[in-house]
Structure formats: C-alpha cells, structure tokens
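Below is one structure, written out as structure tokens, with a few remarks after it.
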Amino acid sequence: MQRGIDTFFHRM
Amino acid sequence: MLEARLGSTTLLKKIVDALKEILSQSTLDCSASGIQLQAMDNSHVSLVAMSLRRECFERYRCDRNVALGLDLKSLMKVLKCASGDDAVTISAADKADKLQLRFESAGNERTADYELRLLNLEQDHLAIPETDYACVVHMPSTEFARICRDLATFSESVVIACSKDGIKFSASGELGSANITLSETSKGDVSLQVEEPVTLCFAVRYLNSFTRATSLADKVKIGLAADVPLLVEYPIEDHGYIRYYLAPKVDD
C-alpha cells in the first residue's frame with residue numbers, strides 16, 4: 001500500500 | 001521587486017526539467033536569502049524541495065518577499081527560446097502578475113525579453129522535520145539513474161536494503177527478478193554511512209522521475225531511515241539543492 005507523503009510531513 | 005541573474009540559461013533549464021515531471025505548477029518563494037520551492041506531486045506521494053541561495057546568482061536582489069506561481073511547462077517553452085549559454089535575468093515587480101525573462105547572448109549582441117503570465121496558486125507548505133537518517137549513501141547520479149531505469153522493467157516497486165555491506169536494490173515481477181548491489185568503493189564514488197540497516201519499499205516510477213535531475217550533479221545523496229520518507233538529494237552547484245522525498249510503501 002502506498003502511503004501519502006502528508007502522513008509523514010504535516011501542514012504548517 | 002525581484003531581480004535574479006544566472007550566467008547560463010542551461011542551469012535553469014536543467015532545474016525546470018528536474019521539476020516538471022513531478023510538478024505541473026508550483027510557486028517560487030523569493031526572499032532576500034534566495035529562491036525556494038516546495039510542492040507535492042498531484043497524488044501527494046512525493047515532495048520536492050528546492051533551494052537556490054542568493055550566492056547561486058551572478059546578481060540577486062529581492063527587496064520584499066514575492067511568491068511567483070508558475071506553470072512549469074510554460075516556463076520551459078520560454079526557456080527553449082534561449083541559447084544555453086545566454087545569461088538569463090528573471091524579474092518581477094511587487095504583486096506582479098507577470099514574470100519577466102531577459103536572455104542576453106554571450107557578447108551582448110542579442111537581447112530577448114519575454115513575459116510569462118503568473119498564476120495564483122494555493123500554497124500548501126509541509127513542515128519537513130530534521131531527520132537523522134540511519135543510512136546515508138552517496139553514489140554517482142548516473143549510476144542511480146541507471147538502476148532505477150533498469151529495475152522499472154521488472155516491477156512497479158523496488159526494495160532498497162542498506163547495510164554496512166552495501167546498498168541493494170531489488171525488484172521482482174512476472175518477467176523475473178533483479179538485484180543490484182553497490183558496495184563502498186576505494187576510490188570513493190560510492191560511500192555508505194550506516195548506523196543501522198534499513199529495508200524499505202518504494203514505487204519506482206517516482207524514483208525515475210527524480211532522476212530527471214541527474215544532469216544537475218555528478219553525485220546523488222540517498223537518506224534512509226525506518227518508516228520515514230526516502231531522501232534523494234542533488235546539489236545545485238555550491239549553494240543550492242533539489243531534495244526529493246518519497247513515502248515508502250507498506251505491506252497491505
């Protein structure tokens with residue numbers, strides 16, 4: 001399963 | 001206002017080429033310290049962060065922070081109007097809706113001015129934490145590009161396993177399987193700094209997109225740590241970089 005990059009780096 | 005001059009348009013073409021497969025549109029954030037860009041691809045699996053410090057430019061002036069929303073394909077069309085050895089100056093007034101590009105030939109006999117319409121793009125910045133990568137590998141950028149290209153023949157996914165013995169790239173599919181291992185070389189073109197071994201799985205098509213930056217740098221730096229995005233970093237001359245981050249795949 002491909003995870004999203006925004007599950008690691010959060011919105012500022 | 002912003003005014004930034006590069007001695008060669010080729011460098012700017014290489015940078016845009018390294019971005020435009022992952023990003024169709026993006027915002028350049030210009031400040032007194034230089035030009036930065038950060039954006040995710042459309043599917044939010046990877047992230048690109050670029051930095052060009054003011055020292056990258058022959059001349060650089062930015063009195064007030066400006067955000068320039070650009071369509072990268074359109075920018076490339078304008079850059080194709082220049083010769084590689086033309087100097088390029090990009091400029092924009094405060095709150096501009098157009099970017100000016102001026103190309104000057106080596107002997108200054110020819111000056112060409114273009115305007116590119118700017119876009120109002122939503123800015124969606126992510127905070128990239130400082131990461132202590134358990135494995136840091138430096139290798140020739142052409143070698144990394146070759147491995148990514150070759151493994152894409154076998155599978156959509158590539159497993160990267162790094163230990164003190166080497167970095168191994170593996171892919172397997174209907175066709176068969178491929179395993180490529182690089183170990184540290186005495187001449188130093190491949191170097192490994194390994195605190196602990198790491199094995200992660202990634203979608204190879206993103207890696208292949210990252211290798212569009214190959215012409216920017218002889219060496220590429222790869223950072224791996226358990227359960228964090230992969231870092232693939234290409235330096236841009238002495239004062240800049242493009243960093244690509246790719247989220248790992250996990251078992252279903």
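Heavy atoms only: backbone and side chains are in, while hydrogens, waters and symmetry mates are out. Chain letters run A, B, ... following the sequence lines, proteins first and then strands; every chain starts at 1.
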If you define the side chain from C-beta out and look only at heavy atoms, does anything of [X] sit under 4.5 Å from [Y]?
X        : Y       : result
A/Ile5   : B/Val45 : no
B/Asp227 : A/Phe8  : yes
B/Leu126 : A/His10 : no

Is the number of heavy atoms from other residues, nucleotides or ligands under 6.0 Å of [X] [atom1] greater than 12?
X        : atom1 : result
B/Lys20  : NZ    : yes
B/Asn179 : CG    : yes
B/Asp150 : CG    : yes
B/Glu55  : CD    : yes
B/Arg146 : CZ    : no
B/Asn120 : CG    : no

Subject >> Interatomic distance, A/Met1 atom CE to B/Lys249 atom NZ [nearest 0.5 angstrom] >> reply: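 Spacing of CE (A/Met1) from NZ (B/Lys249) equals 11.0 Å.
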Subject >> CD on B/Gln38 to CZ on A/Phe9, rounded to 0.5 Å >> reply: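 Rounded to the nearest 0.5 Å, the CZ-CD separation comes to 8.5 Å.
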Original post:
Is a side-chain donor or acceptor of A/Gln2 paired with a backbone partner of B/Phe202 at a separation under 3.5 angstrom?
Top reply: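 Checking the backbone N and O of B/Phe202 against the side chain of A/Gln2, no donor-acceptor pair under 3.5 Å is found.
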Subject >> Interface moiety of B/Asp41 toward chain A, non-hydrogen atoms closer than 4.5 Å >> reply: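 Neither; nothing under 4.5 Å.
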